[in-house]
Amino acid sequence: MAGQGAYIFGCAGERLSAEEAAFFRDVNPWGFILFARNIDTPEQLKRLTGDLRDAVGRDAVVTIDQEGGRVERMTRPHWRHWLPALDQVELNPTQAERGMYIRYRIIADDLRAVGIDSNCAPVADVATPQTHAVLRNRCYSEDPEKVASIGRAVADGLLDGGVLPILKHIPGHGRATLDSHKELPRVSANRAGLAAVDFAAMRALADLPMGMSAHIVFEDIDASGPATTSPVMVDLIRNDIGFLGLLMSDDLSMEALEGDVSTRARNARDAGMDLILHCNGKISEMQIVVDAVGNFTPDGQKRADLAINARKSPDNVDIPALEDELAGLLKRA
């Protein structure tokens, strides 16, 4: 098909099958996302990322959720295991920005070494005492200003390492008391309170090149459905928060969304998502997404091109020296 498909897809396993390669060649996804099921060794992973790009014949974005802590697709024995983000921040709050910058500069080095050039971070959701456990220790703070400053450090660490950051979960997931992988969270906080806390952290990072939506209902603004499928919330993301980058849905497979795959994809597209994320690697479902979504809109393509242009070559750093500095920062006083 002509043009770039407005979707990011996963694949089934550690090697790209001939069927998958032919499918990706035909439907031309803008990029790819990887999970633990796709990962064995550094050599295998580098081969897989190369095969994915070969399938579409260009330097497509390959992303991953490599936050560190509970959400790390690449881990021991071949890669580092990290503390949950909130635990790392709390070890040395006064140096949290520097520590998180180093963490993500090292993560960027790990990613680039295997052909991955994007990461689904920073997590700019503002934690609350009630934040669901699936998210809470992935957050950086209960203070929106601290979330924003640490989020900026995370993004800078990735960008300096040649990795495209993806801000999540816009416009803010921290008040969710349910796991959106399994059910739909609803938040009753009023718009003014959200604007002062959740949206404020996102607004401070609104210049980042890519963002991922939140599968969460903000009842005081649009009670009809989650932000991913709400034109009202996408308008808020664009005009109130000021995020003008490439806006991607969270995974369509999550049970917070209603309807079948086609309905979910069309609803997200119609709400104003530039890019639809489908993660489970099932070709039958991916074909449904292709049929429902198609290629980028002209504005979406412009934002996609700007995101690609935000990738840069890594700066030169001494990774062992950064590891030593981080270890020093995280020693308890």
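Worth saying up front: this structure is predicted, and the values here are computed from it rather than measured.
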> Would N92 and T94 count as having a side-chain donor-acceptor pair, cut-off 3.5 Å?
Replying inline: yes

>> Quick check against the 3.5 Å criterion: does E20 have a side-chain atom that pairs as donor or acceptor with the backbone of S17?
In response: yes

> Can you hop from L164 to V123 via hydrophobic side chains spaced under 4.5 Å?
Replying inline: no

>> Is it the case that the side chains of D299 and T297 hold a donor-acceptor pair, with the cut-off being a distance below 3.5 Å and no angle test?
In response: no

> Taking NZ, NE, NH1 and NH2 as the nitrogens, is one of them in K168 or D65 under 4.0 Å from a carboxylate oxygen of the other?
Replying inline: yes

> Do L247 and M212 come within less than 4.5 Å of each other through their side chains, counting heavy atoms only?
Replying inline: no

>> Could you measure the distance from the CD1 atom of I288 to the CZ atom of R266? Nearest 0.5 Å is fine.
In response: 10.5 Å

> Do Y104 and D160 have side-chain N/O donor and acceptor atoms under 3.5 Å apart?
Replying inline: no

> Hey, which of I64, V114, D40 is the one that makes side chain to side chain contact (heavy atoms under 4.5 Å, CB included) with L45?
Replying inline: V114

> Aromatic rings F9 and Y7: how do their planes relate, parallel, tilted or perpendicular, breaks at 30° and 60°?
Replying inline: parallel

>> Contact between P165 and L159 at the side-chain level, heavy atoms closer than 4.5 Å - yes or no?
In response: yes

> Ignoring hydrogens and geometry, is there a side-chain-to-backbone donor-acceptor pair from D198 to P171 under 3.5 Å?
Replying inline: no

>> Between V147 and S141, is there a side-chain heavy-atom distance shorter than 4.5 Å?
In response: yes

>> Out of the candidates H169, R138, H173, only one should pair with D125 under the side-chain hydrogen bond (donor to acceptor under 3.5 Å, both in side chains) rule; please name it.
In response: H169

>> Any non-hydrogen side-chain atom of W79 less than 4.5 Å from a side-chain atom of I107?
In response: no

> Among side-chain atoms of D250 and S213, is any donor-acceptor pair under 3.5 angstrom?
Replying inline: no

> Is the side chain of N309 donor-acceptor paired with the backbone N or O of D305 at a distance under 3.5 Å, no angle test?
Replying inline: yes

> Is atom CD of E145 surrounded by more than 12 heavy atoms (other residues, nucleotides or ligands) closer than 6.0 Å?
Replying inline: no

> Thinking salt bridges, do R37 and E14 make one under a 4.0 Å N-O criterion?
Replying inline: no

> Side-chain heavy atoms under 4.5 angstrom apart, residues restricted to Ile, Leu, Val, Met, Phe, Trp, Tyr: same cluster for V154 and F243?
Replying inline: yes

> Could D109 and R80 be called an ion pair, given the rule that one side-chain N must be under 4.0 Å from one carboxylate O?
Replying inline: no

> If we ignore angles and hydrogens, is there a donor and acceptor under 3.5 Å between the side chains of T228 and H215?
Replying inline: yes

>> If only side-chain N and O atoms count, and only distance matters, is there a donor-acceptor pair under 3.5 Å linking R175 with Q130?
In response: no

> Are the side chain of N119 and the backbone N or O of A121 linked by a donor-acceptor pair below 3.5 Å?
Replying inline: no

> How many angstroms lie between atom CZ of R136 and atom CZ of R70, to the nearest 0.5 angstrom?
Replying inline: 13.0 Å

> Between N38 and R73, does a side chain to side chain donor-acceptor pair (under 3.5 Å) hold up when you go through it step by step?
Replying inline: CA-CA 9 Å; N38 306 123; R73 315 305 187 194; over 6 Å; no

>> Tell me whether the count of non-hydrogen atoms from other residues, nucleotides or ligands lying under 6.0 Å of CZ in R15 goes above 12.
In response: no

> Do NZ/NE/NH1/NH2 and the carboxylate oxygens of R105 and D315 come within less than 4.0 Å?
Replying inline: yes

>> How long is the straight-line distance from CD of Q95 back to CE of M100, given to the nearest 0.5 Å?
In response: 14.0 Å

> Between L34 and F24, is there a shared hydrophobic cluster once you connect ILVMFWY residues whose side-chain heavy atoms come closer than 4.5 Å?
Replying inline: yes

> Is there side-chain contact between H132 and T177, with at least one heavy-atom pair below 4.5 Å?
Replying inline: no

>> Working to the nearest 0.5 angstrom, can you tell me the gap between L91 CG and L329 CG?
In response: 10.5 Å

> In Å, rounded to the nearest 0.5 Å, how long is the span from CG of L277 to CD1 of I166?
Replying inline: 8.0 Å

>> Could you tell me if the side chain of F32 sits less than 4.5 Å from the side chain of L16, heavy atoms only?
In response: no

> Would you say R112's side chain and S313's backbone share a donor-acceptor pair under 3.5 angstrom?
Replying inline: no

> Counting distance only, does the side-chain N/O of R264 pair as donor-acceptor with the main-chain N or O of G259 below 3.5 Å?
Replying inline: yes

>> Testing the basics here: between A201 and V126, what is the closest heavy-atom pair and its distance to 0.1 Å?
In response: CB-CG2, 3.7 Å

>> Please determine whether the number of non-hydrogen atoms from other residues, nucleotides or ligands lying under 6.0 Å from atom CD of E258 exceeds 12.
In response: no

> Do other residues, nucleotides or ligands put more than 12 heavy atoms under 6.0 Å from the NZ atom of K282?
Replying inline: no

> Between the side chain of Q66 and the main-chain N/O of C120, is any donor-acceptor distance below 3.5 Å?
Replying inline: no

> Between W30 and V56, is there a shared hydrophobic cluster once you connect ILVMFWY residues whose side-chain heavy atoms come closer than 4.5 Å?
Replying inline: no

> If we only count heavy atoms from C-beta on, is the L246 to P209 side-chain gap below 4.5 Å?
Replying inline: no

> Going through the distances and angles, do R191 and D240 end up as a salt bridge (Lys or Arg N to Asp or Glu O under 4.0 Å)?
Replying inline: CA-CA 11 Å; R191 183 168 184 153; D240 291 18; 2.4 Å; yes

>> With rounding to the nearest 0.5 angstrom, report the OG1 to CH2 distance, T75 to W82.
In response: 11.0 Å

> When you check the gap from the basic side-chain N to the acidic O, do D274 and R238 get nearer than 4.0 Å?
Replying inline: yes

>> Taking the basic N atoms (NZ, or NE/NH1/NH2) and the acidic carboxylate oxygens, is any pair closer than 4.0 Å for R152 and E97?
In response: no

> Does any non-hydrogen side-chain atom of D117 lie less than 4.5 Å from one of R53?
Replying inline: yes

> So, does K146 use its side chain to make a donor-acceptor pair with the main chain of A96 at under 3.5 Å?
Replying inline: no

>> With a 4.5 Å cut-off on side-chain heavy-atom distances among I, L, V, M, F, W and Y, is there a chain of contacts connecting M233 to I276?
In response: yes

> Has the side chain of R103 got a donor or acceptor atom that lies under 3.5 Å from a matching backbone atom of L83?
Replying inline: yes

>> Before you tell me yes or no, could you show the steps for N280 and E285 under side chain to side chain donor-acceptor pair (under 3.5 Å), namely the whole-Å CA-CA distance, both residues' side-chain angles and the distance that decides it to 0.1 Å?
In response: CA-CA 9 Å; N280 67 24; E285 290 190 12; 2.9 Å; yes

> Hey, does the side chain of D251 reach the backbone of C279 with a donor-acceptor pair shorter than 3.5 angstrom?
Replying inline: yes

>> Between E72 and H81, is the side chain to side chain donor-acceptor pair (under 3.5 Å) condition met? List the steps.
In response: CA-CA 8 Å; E72 53 186 18; H81 173 66; 2.3 Å; yes

